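For reference, the structure discussed in these notes is given below.
Since the model is a prediction, treat every value here as computed from it, not as a measurement.
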Amino acid sequence: MGKVLMSENQEFPETESDDFTDSQLIYHVRDALASVTSVDGGDRENYDELVGYLHPKKYLNPHEIALLVTTLKALSGAASYIDSSYHEALLFAVSRMSLWNYGTDVMDALLELIISLAASNGKYIDWCLEMLVKNFVPPYFDILKHENGIDKKNNVLSRVHAALKDIADLVPLAPLRLSPIVVQRMPSVFSKEPEIVAYVENMLRLESGAIGEIVSGTMLPALVDRLIELDVEIGWDGLLQEDAKGMFEMELEDDADIEYDDAKYDTLSSSELLFRKSLQGNLVVEKLDSLMVLTFLHLESCQSSGRLAEVFNVLLGSFRRTILNAYKSKFTQFVMFYASALDPEECGVKFAKVLLEMFVSDVNPPITRMSAVAYLASYLSRAKFISAALVASILQSLVGWCIDYCNSHDFDMNPRAHQVFYSACQAIMYVLCFRLRSLMDIPRLKYQIQKMPIESILKHKLCPLKVCLPTIVEEFLRQAKAAQLFMTSESFVFNDLLESDLSRAFGGMDRLDMFFPFDPCLLKKSESYIKPHFVRWSKVKTTYDSDNGDLSDSGSDVSDDDFGDGDAEEMIDDDMMVNIVGIDLNRMSITPKNRSFRQLEQSTRMPASIRPSTTPGSL
């Protein structure tokens with residue numbers, strides 16, 4: 001790769017000479033290219049000299065820069081004469097050139113050659129596209145730390161994307177060839193954060209650019225797939241407090257505020273605080289967090305440009321294929337949540353309706369239907385932007401489905417045989433734990449809720465109160481009693497249970513009974529985007545809350561009022577019996593906790609989270 005001085009071989013013209021026109025230079029390059037294709041082998045001296053000019057050098061003086069620019073331009077004019085069968089050395093030398101290592105003159109000349117080569121012969125399209133995609137990321141990131149690093153980045157990437165557009169104009173099928181190349185070259189989950197972030201920036205720029213309509217269906221799903229891969233790499237094993245059977249511990253929120261990260265966060269449970277601290281310094285978490293923020297910003301850009309509905313449809317397809325049944329996913333689903341929050345009337349409503357349709361469709365396998373209704377319940381409970389009217393409408397549909405199921409299944413309790421039914425019952429109760437107060441505060445919705453045959457479902461011999469998570473059943477019944485939702489005046493007794501053998505049975509090996517996909521997002525940067533649209537349990541007004549303040553349709557409240565209940569002893573008494581199904585759920589715990597009802601009174605509130613919202617099953 002030694003430097004060849006032009007003065008040593010006058011057969012290749014001096015670049016600064018006025019004796020040679022551009023056309024003459026192109027003819028000289030053609031002759032050099034042809035010299036290695038002749039039958040007798042020809043004189044390779046000029047060709048070798050030409051290739052020598054293209055080999056990357058660490059430093060170039062002005063004369064060498066001018067010579068390189070001239071050589072590249074001449075090759076562009078002779079692009080149709082380049083044959084990979086004979087000019088492999090030349091193509092290899094060009095492939096080693098990086099736009100990041102040159103000034104704008106060389107950049108433009110190199111890109112002109114790449115575009116000309118792509119247009120001259122279809123067999124070079126992939127090679128040219130790979131050359132451009134390779135420049136999505138600098139060869140070394142120290143280059144961005146230089147004084148003009150940002151300008152360099154802008155100069156390179158603006159030219160790369162302009163060249164991709166030019167090739168797409170010249171070769172209409174090029175974008176279809178580009179998509180798999182971009183996906184294949186995408187950095188793995190083990191790459192460094194700057195590399196994968198820089199690459200994804202360019203993927204999203206492609207998606208929103210001139211050829212976005214063609215590549216959008218590939219870029220966004222590929223990004224979601226990578227988010228999922230990162231998501232499931234985040235291990236919780238060191239933090240899960242499990243017994244030998246894999247039971248999870250649920251933490252109930254404390255009354256006291258727990259400061260974390262300069263009091264940035266709301267009241268946290270001790271378990272949530274522990275999980276947050278465990279994520280600090282985790283490189284996988286930091287990569288995922290940065291990519292989530294990039295995705296959120298892209299969604300905001302799509303909203304501003306009027307493309308959000310179109311992009312949401314692409315994400316919805318990816319959600320069906322990838323996210324829905326990825327039970328170890330803890331954060332990726334918030335892409336759907338945030339997209340819905342940006343357009344509640346269209347995207348927000350559509351997401352809820354799609355989840356409902358996926359649940360009620362008996363074409364889907366049971367595990368998919370259970371996942372869908374778990375997502376639906378968590379979404380309706382946590383999304384501040386979803387109206388109470390929509391919540392009531394979907395609850396009406398779920399209750400109607402459950403009644404139809406009860407009427408057509410006159411069987412005794414069987415958690416495994418009726419998993420879908422129990423998942424729907426738990427979803428109804430979970431949503432009402434968050435939303436019942438707000439629904440009861442609106443007269444027409446209160447009437448609608450009161451007319452729902454929820455009590456008939458609970459009294460059915462399938463016994464959903466026995467099978468669903470006791471902690472959810474307990475909170476639901478407590479609120480239902482306070483709201484006088486049922487005609488019966490009896491109360492129900494529990495013993496601070498998180499789960500039971502029966503709930504584990506209906507949840508299956510994937511533990512869908514404990515799957516709450518929109519539990520609080522613990523990613524530090526991403527959370528700031530989610531927080532304004534998210535309902536935390538600590539902000540929910542319950543029906544037994546003594547505060548009579550006004551509520552919004554979201555079912556959340558901005559105050560930090562205490563949730564202590566002065567009438568708790570009247571509502572929960574150790575002599576009370578369950579009258580709907582005739583069971584004592586104290587008998588359902590394999591590891592019952594000996595807690596007094598005074599202690600239960602102080603902590604018997606719905607959890608802010610069940611950590612983690614995952615299952616021990618694999619993807």
Side-chain angles (χ1 to χ4, degrees), residues 216 220 224 295-296 298-324 332-361 364 368-369 371-402 423-424 427-428 430-442 444-449 452 516-519 521 529-535 540 551-556:
S216 176
L220 292 174
V224 170
T295 308
F296 292 160
H298 182 70
L299 292 174
E300 291 177 359
S301 174
C302 292
Q303 181 195 30
S304 300
S305 61
R307 298 181 55 245
L308 184 59
E310 171 191 341
V311 168
F312 185 80
N313 287 334
V314 176
L315 289 174
L316 198 54
S318 190
F319 172 82
R320 292 173 183 266
R321 292 188 301 270
T322 306
I323 302 176
L324 180 62
T332 306
Q333 52 264 36
F334 279 99
V335 171
M336 300 302 301
F337 189 96
Y338 193 63
S340 299
L342 291 176
D343 185 5
E345 293 183 359
E346 184 170 349
C347 298
V349 172
K350 184 172 187 177
F351 188 43
K353 290 183 176 180
V354 166
L355 290 171
L356 178 62
E357 290 170 1
M358 294 179 70
F359 167 72
V360 299
S361 175
N364 294 320
T368 297
R369 299 174 70 184
S371 297
V373 80
Y375 263 100
L376 181 60
S378 191
Y379 177 64
L380 295 180
S381 301
R382 298 294 192 171
K384 187 182 294 186
F385 48 87
I386 294 297
S387 70
L390 179 60
V391 173
S393 174
I394 291 178
L395 285 174
Q396 184 83 59
S397 298
L398 290 176
V399 170
W401 183 91
C402 288
S423 66
I428 292 168
Y430 186 77
V431 172
L432 287 175
C433 288
F434 278 82
R435 299 285 192 169
L436 184 56
R437 170 70 178 270
S438 65
L439 293 170
M440 299 300 282
D441 282 353
I442 302 174
R444 62 183 178 84
L445 299 182
K446 177 180 180 180
Y447 178 78
Q448 185 177 355
I449 293 295
M452 293 181 189
F516 304 94
F518 289 119
D519 274 354
C521 179
Y529 291 84
I530 299 300
K531 188 175 179 179
H533 311 287
F534 189 81
V535 177
V540 173
L551 295 172
S552 68
D553 282 0
S554 69
S556 65

Assess the residue pair Tyr430 and Phe516 against the criterion (ring-ring contact (aromatic ring centres under 6.0 Å, His included)); give the C-alpha distance rounded to whole Å, side-chain angles, the decisive distance to 0.1 Å, and a yes or no.
CA-CA 10 Å; Tyr430 186 77; Phe516 304 94; 4.8 Å; yes
Looking at CZ of Phe337 and SG of Cys347, how far apart are the two atoms once the value is rounded to the nearest 0.5 Å?
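Going from CZ on Phe337 over to SG on Cys347, the span is 13.5 Å.
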What distance separates Leu342 CG from Phe385 CZ, expressed to the nearest 0.5 Å?
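Answer for the CG-CZ pair, Leu342 versus Phe385, is 8.5 Å.
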Side chain to side chain contact (heavy atoms under 4.5 Å, CB included) involving Gln448 - partner list, sequence neighbours excluded:
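With neighbours one apart ignored, the set is Ala392, Gln396, Leu445, Met452.
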With Cys402 via side chain to side chain contact (heavy atoms under 4.5 Å, CB included) - residues at least two apart
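Result, side chain to side chain contact (heavy atoms under 4.5 Å, CB included) vs Cys402: Phe421, Ala424, Cys425, Ile428, Ile457.
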Matching residue for Leu315 among Ile323, Val224, Leu308 - test: side-chain contact (heavy atoms from CB on, under 4.5 Å)
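One option only clears the test, and that one is Val224.
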Test side chain to side chain contact (heavy atoms under 4.5 Å, CB included) applied to Tyr379 and Met336, step by step
CA-CA 10 Å; Tyr379 177 64; Met336 300 302 301; over 6 Å; no
Pairs in or reaching into residues 304-321: which pass salt bridge (charged side-chain N to carboxylate O under 4.0 Å, His left out), with residues at least two apart or in two chains?
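Listed by first then second residue: Glu207-Arg307.
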Non-hydrogen atoms of Ile394 and Ala352 that approach each other most closely:
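It is CD1-CB, 3.6 Å.
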Search all heavy atoms of Cys302 against all heavy atoms of Val311 and return the closest pair with its distance.
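That would be SG-CG2, 3.6 Å.
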Determine which pairs satisfy side-chain hydrogen bond (donor to acceptor under 3.5 Å, both in side chains) with at least one residue from residues 337-356, sequence neighbours left out, and list them in order.
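Applying side-chain hydrogen bond (donor to acceptor under 3.5 Å, both in side chains) to every pair that reaches into residues 337-356, excluding sequence neighbours, yields Glu300-Tyr338, Asn313-Lys350.
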Counterpart residues, side chain to side chain donor-acceptor pair (under 3.5 Å), relative to Arg369 (two or more places apart):
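Side chain to side chain donor-acceptor pair (under 3.5 Å) check on Arg369 returns nothing, list empty.
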Look only at the side chain of Ser305 and the backbone of Ser301, and say whether a donor-acceptor pair between them is shorter than 3.5 Å.
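Indeed, once roles are kept as given, a pair shorter than 3.5 Å links the two residues.
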Any donor-acceptor N/O pair, Gln333 side chain to Pro517 backbone, under 3.5 Å:
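Yes; at least one donor-acceptor contact below 3.5 Å.
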Run the numbers on Val431 and Leu376 for side chain to side chain contact (heavy atoms under 4.5 Å, CB included), then give the verdict.
CA-CA 9 Å; Val431 172; Leu376 181 60; over 6 Å; no
The criterion is ring-ring contact (aromatic ring centres under 6.0 Å, His included); which residues satisfy it with Tyr375, sequence neighbours excluded?
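For Tyr375 the ring-ring contact (aromatic ring centres under 6.0 Å, His included) partners, ignoring immediate neighbours, are Phe319, Phe515, Phe518.
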